[in-house]
Amino acid sequence: MSEEKSLNFIEEIISQDLASGKYESILTRFPPEPNGYLHIGHAKSICLNFGLAKHFGGKTNLRFDDTNPAKEDIEYVDSIKADVKWLGFEWAKECYASDYFDQLYAFAIKLIEKGLAYVDDSTAEEIAQQKGTPTVPGTGNAFRNRSVAENLELFAAMKAGKFADGEKVLRAKIDLASPNMHMRDPLLYRIKRAHHHRTGDTWCIYPMYDFAHGQSDSIENITHSICTLEFIPHRTLYDWCIEQLAIYPSHQYEFARLNMTYTVMSKRKLLQLVEEGYVTSWDDPRMPTISGMRRRGYTPESIRDFCDRIGIAKRENIIDFSLLEFCVREHLNKVAQRRMVVTNPIKLVITNFEKGEEILHSENNPEDPNGGTREVPFSNELWIEREDFMEAPTKKYFRLGPGLSVRLKSAYIITCESFEKDEAGNIKTVFASYNPQSKSGQDTSGIHVKGTLHWVSAKHAIPVTLNEYDRLFNVADLSSADGDFKDYINPNSLNVVKAYAEPALASDVLEARFQFLRKGYFFQDTKSTKDNLIFNRTVGLKDAWAKEQKK
RNA sequence: UGCCUGAUGGUGUAACGGUAGCACAACUGUUUUUGGUGCAGUUUGUCUUGGUUCGAAUCCAGGUCAGGCAACCA
């Protein structure tokens with residue numbers, strides 16, 4: 001059975017390029033600007049670029065597009081490198097557009113010499129005005145006719161710091177009437193006195209994206225430069241620069257960026273959530289950032305699987321959040337250690353358990369035959385979930401109620417005899433008897449019950465804190481919702497609860513993935529300590545009972 | 001009124017002139033010491049109008065709708 005996975009449109013292009021001999025091997029790049037943290041949308045691009053190289057036996061560079069020092073910082077460089085590594089990828093070279101500043105400057109001079117660039121003294125407003133509109137051609141100005149010699153001299157003066165910020169810019173001389181706005185004499189260099197995180201104060205002029213990106217690709221001999229759809233109109237300029245400069249012809253291809261339901265994906269909006277305190281930080285587990293998802297308990301495997309499943313195409317999309325949840329459940333189900341934790345406890349007393357205490361064993365992972373078992377102390381006083389007892393059970397309720405029997409996971413079958421309420425009328429204690437013949441693994445009782453409950457021995461329980469996360473927004477498609485996106489923030493995106501956990505959890509390692517039985521997948525928070533164990537809920541289990549109840 | 005993209009079930013994504021398939025979601029049934037997992041199954045789709053063709057999701061022409069393009073941002 002050969003199940004050939006069909007190629008996406010970029011893979012098709014690459015295999016043709018390889019088959020035709022256009023390239024012997026391919027080189028891609030992942031080119032973030034270090035002005036924020038990476039999010040799941042970047043993960044799509046990372047998986048694409050690195051995945052392509054892996055698939056076709058090529059390489060991928062990590063390149064920081066650091067041409068705007070006002071917004072960039074080393075903090076972001078470090079976080080980006082950590083995130084890419086965590087996702088499981090290795091770059092061939094670590095590059096910076098700023099490493100090419102001298103070369104880019106030389107490229108600019110070459111354009112001036114060819115009469116294809118000029119220094120413009122106009123203000124930003126004047127330039128915008130003179131550009132016209134998509135339906136009205138732009139008009140030129142007198143600066144456009146400056147001589148090559150004058151342009152050379154003025155550009156050198158710009159570099160030498162002879163002018164104030166914004167006083168002059170270098171523009172390409174292309175076509176002010178072009179139907180493509182990006183070809184109406186685009187800006188190439190601007191004067192900006194800002195400290196650059198790598199070049200310090202060496203430069204006071206910085207190249208614009210359009211004069212840095214394609215040339216950087218070319219310098220590195222990138223074969224396939226892959227970006228998102230909004231750069232389509234830039235491609236004409238990308239090609240123009242490469243042609244006029246007669247440098248290595250990298251080619252740009254575009255795919256649709258990732259959108260997801262119940263979240264936002266723009267760095268600007270994510271920054272707002274952090275700065276205005278809607279979340280605590282960039283790595284808040286509710287954030288769609290790689291660091292937030294890591295802290296939440298997502299695995300690199302599940303994110304890569306997700307990126308694989310969503311595919312690559314040019315059509316705009318909005319992916320169901322449930323697909324991401326599916327991917328992480330699928331992986332965690334295979335690897336997570338099972339533990340028992342009770343969040344909203346009521347006391348269960350086993351009236352006929354005269355031993356008082358017994359050490360039982362429970363499998364760590366039923367999906368993994370080699371996963372081993374752990375010791376779980378059992379006693380005559382246990383905690384169980386309040387919702388696992390019903391005073392007057394309905395007919396489809398498979399749990400505990402007067403006269404009903406259930407199995408306690410990895411322990412015994414019990415039968416409820418009676419219960420006690422407190423003054424407020426809430427259930428306080430449930431009394432039950434156990435069947436000694438029904439011990440897990442050596443059950444000779446012949447009894448079959450429908451429900452199995454998780455539990456924790458009261459005497460042995462350890463206190464833990466659980467962060468139960470839910471989606472950050474309460475509408476699916478934020479792009480088509482009216483008004484400010486912050487109006488749709490889910491006020492219940494975090495529910496912090498105290499819980500009792502089985503003692504094994506205290507000695508477990510920090511990096512371990514857990515499934516708290518019948519509750520969901522959990523991961524220790526970065527702020528968790530031995531004395532104050534905190535777990536983040538990565539994702540809940542599928543809950544068929546909750547669905548049934550809604551009916 | 002310009003230019004550039006795109007349009008296949010609820011959501012994604014295949015089919016490259018020849019059976020509209022796959023995944024998620026939803027819904028059944030079944031198994032199960034997690035109402036989890038597994039297994040089996042069901043439902044739902046080619047934007048529109050013409051044309052070419054024995055045959056069109058695919059090719060051609062017109063239309064409609066959606067998104068992008070006028071930062072000294074990337």
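The basis for the numbers below is simple: all heavy atoms, side chains too, and nothing from hydrogens, waters or symmetry mates. We name chains A, B, ... by the order of the sequence lines, and we start the count at 1 in each one.
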Below 4.0 angstrom from OP1 or OP2 of B:rU8, is there any side-chain N or O of A:Arg315?
-> yes
- Check: A:Ser302 and A:Arg329 side chains under 4.5 Å, non-hydrogen atoms: no
**Asked** Does A:Lys542 put a side-chain nitrogen or oxygen below 4.0 Å from OP1 or OP2 of B:rA25?
**Response** yes
ask   = How would you label the contact of A:Asp320 with the nucleic acid (heavy atoms, under 4.0 Å): base, sugar-phosphate, or nothing?
value = base
Q | P gap between B:rA25 and B:rG38, integer Å | A | 10 Å
Here the pair of heavy atoms bringing A:Gly214 nearest to A:Tyr238 is CA-CE1, 3.3 Å
Separation of B:rU11 atom P from A:Ile319 atom CD1, nearest Å, is 11 Å
Does B:rG35 have OP1 or OP2 under 4.0 Å away from a side-chain N or O of A:Arg518? yes
How far does the P atom of B:rC60 sit from the matching atom of B:rA7, given to the nearest Å?
13 Å
Look at all strands and tell whether A:Arg399 reaches a base, only sugar-phosphate, or nothing, counting heavy atoms closer than 4.0 Å. base
From CD of A:Glu367 across to C1' of B:rU33 the rounded distance in Å is 14 Å
Ranking B:rU34, B:rU33, B:rC24 by distance to the side chain of A:Pro366, first place goes to B:rU34
Would A:Glu358 and A:Phe353 count as a side-chain contact (heavy atoms from CB on, under 4.5 Å) if you check the C-alpha gap in whole Å, the side-chain angles of each, and the deciding distance to 0.1 Å?
-> CA-CA 10 Å; A:Glu358 181 181 3; A:Phe353 190 67; 3.8 Å; yes
From NE2 of A:His331 across to P of B:rC24 the rounded distance in Å is 17 Å
When rounded to the nearest Å, what value does the distance between P atoms of B:rG2 and B:rA14 take? 31 Å
(message) Please report the distance separating the P of B:rA15 from the corresponding atom of B:rC54, rounded so that it comes out in whole Å.
(response) 26 Å
Between CZ of A:Arg29 and P of B:rA74 the distance, given in whole Å, is 15 Å
*Looking at A:Lys450, does any N or O in its side chain come under 4.0 Å of the phosphate oxygens OP1/OP2 on B:rU32?*
no
The Watson-Crick or G-U wobble partner of B:rA61, with both key distances under 3.5 Å, is B:rU49
Notebook entry, point to check: Which part of the nucleic acid, if any, lies within contact of A:Thr123, taking any heavy atom under 4.0 Å across all strands shown: a base, the sugar-phosphate backbone alone, or nothing?
Noted result: base
| task | Under 4.0 Å between any heavy atoms, over every strand shown, what does A:Lys396 touch: base, sugar-phosphate, or nothing? Just pick one. | result | base
Looking at A:Arg190, does any N or O in its side chain come under 4.0 Å of the phosphate oxygens OP1/OP2 on B:rA74?
yes
| request: Measure from the ring center of A:Phe64 to the ring center of A:Tyr76 and say whether it is less than 6.0 Å. | output: no
**Rounded C1' spacing from B:rU49 to B:rA56 in Å** = 15 Å
Quiz item: Hey, does the side chain of A:Ser440 reach the backbone of A:Ala411 with a donor-acceptor pair shorter than 3.5 angstrom?
Solution: yes
task = Write down the distance separating the C1' atoms in B:rU44 and B:rU8, rounded off to the nearest Å.
result = 13 Å
For this session: Report yes if at least one side-chain N or O of A:Lys547 is closer than 4.0 Å to OP1 or OP2 of B:rC27; otherwise report no.
Result: yes
Exercise. Within the stacking criterion (centroid distance below 5.5 Å, interplanar angle below 30°), does A:Trp545 stack on B:rG35?
Worked result: yes
Under 4.0 angstrom, heavy atoms only, what part of the nucleic acid is A:Phe326 near: base, sugar-phosphate, or nothing?
-> sugar-phosphate
| Quantified in whole Å, what is the C1' atom distance between nucleotide B:rG6 and nucleotide B:rU43? | 29 Å
Distance check: side-chain N/O of A:Thr67 vs OP1/OP2 of B:rA74, anything under 4.0 Å? yes
Give me the distance, rounded to whole Å, that separates B:rU42 from B:rG51 when you measure between the C1' atoms they each carry. 39 Å
Review point. Cut-off 3.5 Å, side chains only: do A:Arg339 and A:Asn364 have a donor facing an acceptor?
Key: yes
